[in-house]
Amino acid sequence: MVARFLHGLDNIRMSDILPLIYHHRSGYPSINSANSDEQNLLFVTHGSPDEIRNARPYMSTWATRLVAVEVRRQVGRLTKDDPTDPTHHVHLRAATNERSKAHVVTWCDLGNWSLKKLESCYWRRGAGDLAMFITEAAAAPAFEGGVAVVRAQRPHPIIQSSAMASFIISRNRCANGDLAMILGIWHFACKSHVDVKRVYCHLGNYVAATTSRAALNSMTAGSMEELRADVGSALEGGEMPVCLILDNVQEYFEVNEQGIGRQNELKVGTAGTSIVLDECAPGAFDAKDHHDRVAKNERRLLTHDALFDDLDFPHLRRVIPLHWARVLVEFSPHFLPLLNSIAALFRSSPVARRRMREGRKMKGQPLGTNGERSTETQGMERAVKDFENQMGLNPELTKAFLFWIRGDGASYANILRLTKYCAPIGTFPNKVATPEIWHTGATDLNSFLQVYPISHRKGVSLESRLPMTLSTRTQDHRFTRTDLDAFAI
DNA sequence: AAACGTGCCAGGATCCTTGC
DNA sequence: GCAAGGATCCTGGCACGTTT
């Protein structure tokens, strides 16, 4: 009988009875009754609920305790890895030895991370959906029809996710994979002030600075090993797997420690990034094939007329108007909704000729910066040799392949010069250099921002235009059409 | 003259995992 | 549930220019 009722098989169910009890006026003390103080005991978080006599305060207090225990259990479960998602590691070790079984952080872990993913992970895992429900109730600015309203500015789901991530690392400091580790590394990259790191570590936002540094050290060591292994096996398979992007680095170091001959200095060096070559035709970097083609000297046939004949006018007539349409649509906010359909035209046939693979992601590995000056000829030679060595490009194994080097204008010119000088003696063989188009763009923007007045504000003298960061300028300045016209002049 | 600001890191304190 | 050992956290010292 009782079991039937409790299973909800009778006509009258718990959902009929509980609201009646909860809302019954006799279940709540009146202001004149002897236990009127129980009016204040609706959601009591301390003491034993058993001493509450009235039904309504007892029920709500009892439910409060029930929810608290469950939220605690669920957040506790979120401190463990999700068995259904092997790509997400809640525990990222910054360092380890043989004894530990835990996953050591990799660049891939950081690359796969996104706030959006994190949020859906918390809801999806179920282990945390009650906690998400509670934090949403706390964080959402409004509810419409039982659904939380997400504001465009400072959307609460992000705040919820970050709060949840803080709760999780608060429960277990090794459960840092949701947000803490990535923010720790971000603050290292931003060179945040040490005090900022200390304070926000206390707040449970990210791991301690020591841990970020340890993580970076082991990631770098681990990924370099991985790169060398990949490069080795690809070379044995007869393909050149990587290319190199160069840039020069300058950083001013102040010396605060005592020491003979130590002084502030500008450290100059060359930074390199190895990029995995993707979707190349087999043998694309075969040196012999390249030399054979060069020997044929077919370039002599590359005249203006030949180039003109090569132009695909029907295709240009399709593409150029589309570019114009995109510029126009982007110009006016009124037309912005059309942007997606223009993008779709670009992506589909016949305009699209050779699309990149869906979901393709560039794989890059920062190499150790060396102290060579990329503008010096010999410095560049030593720098490239160092990078090749770091990547595991053994000169014996690579002599059959072309090596593609990309960089800013200076690096590009320098590589060309080196190949010319070294051609007769063969010490710098098989290098192909191209300038980076994106690099040119970024540099242009940068120099524009450096020379352009901060504002038209009256009374702002040239001398008072303080150096500011690129992001500050682009955000603060809010270019108008007039600004751009002025720049064009 | 005193205190602050600045980044790094050794090494102790604390917390967590592992293995039983 | 315990002990051992490892990972992480945290503090203070350091040096010296700058600010109060």
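These figures come from a predicted structure and were not determined experimentally. Residue numbering restarts at 1 for every chain, and letters A, B, ... go by the order of the sequence lines.
One can place NZ of Lys197(A) at 12 Å from C1' of dT6(B), the figure rounded to the nearest angstrom. Rounded to an integer number of Å, the gap from OH of Tyr200(A) to P of dC10(C) is 16 Å. Arg171(A) places its CZ atom 20 Å from the C1' atom of dC9(C), with the value rounded to the nearest Å. When rounded to the nearest whole Å, the span between NE2 of His202(A) and C1' of dT14(B) equals 13 Å. The interatomic distance linking Lys80(A) (NZ) with dC16(B) (P) rounds to 11 Å, in whole Å. The nearest whole Å value for the distance from the CG atom in Asn176(A) to the P atom in dT17(B) is 11 Å.
Using a distance-only test at 3.5 Å, with no hydrogens or angles considered, a donor-acceptor pair links the side chain of Arg228(A) to the main chain of Gln390(A). A donor-acceptor pair is defined here as one N or O able to donate and one able to accept, closer than 3.5 Å; such a pair exists between the side chain of Thr220(A) and the backbone of Leu216(A). Ser192(A) places no side-chain N or O within 3.5 Å of a backbone atom of Phe188(A) that could act as its donor or acceptor partner.
In the interface, the side chain of Arg173(A) is paired with the base of dT14(B) through a donor and an acceptor atom under 3.5 Å apart.
Phosphate proximity of dC10(C) to Arg198(A): absent, as no side-chain N or O sits under 4.0 Å from OP1 or OP2. Under 4.0 angstrom from either OP1 or OP2 of dT17(B) there lies at least one side-chain N or O belonging to Asn172(A). Contact between the side-chain N/O atoms of His193(A) and the OP1/OP2 oxygens of dG5(B) is not found at any separation under 4.0 Å. Between His91(A) and dT17(B) there is a side-chain polar atom (N or O) within less than 4.0 angstrom of OP1 or OP2.
For the pair Tyr206(A) and Ile169(A), the minimum side-chain heavy-atom distance is 4.5 Å or more.
A side-chain donor from one of Gln365(A) and Ser223(A) sits under 3.5 Å from a side-chain acceptor of the other. Using modelled atom types, one finds a donor on one side chain and an acceptor on the other under 3.5 Å when comparing Thr106(A) with Asp109(A). If you check the side chains of Ser161(A) and Glu119(A), you find no donor sitting under 3.5 Å from an acceptor.
Checking dT8(C), dT11(C), dC9(C) against the side-chain heavy atoms of Arg93(A) singles out dT8(C) as nearest. Between dC9(C), dT17(B), dC9(B), one nucleotide has an atom nearer to the side chain of Thr210(A) than all others, and that is dC9(C).
Summary of the strand contacts: Asp195(A) and Arg213(A) both lie near DNA chain B, and taking for each the nucleotide with the nearest heavy atom, the more 5' one is attributed to Asp195(A).
Residue contacts for Ala94(A): at a heavy-atom cut-off of 4.0 Å it reaches the sugar-phosphate backbone alone, with no base atom in range. Residue Leu92(A) is in sugar-phosphate contact alone, with no base atom involved, counting any heavy-atom pair closer than 4.0 Å across all strands shown.
For the helix from dA1(B)-dT20(C) to dC20(B)-dG1(C), the axis fitted to the five pairs at one end and the axis fitted to the five pairs at the other end meet at an angle of 40° (nearest 10 degrees).
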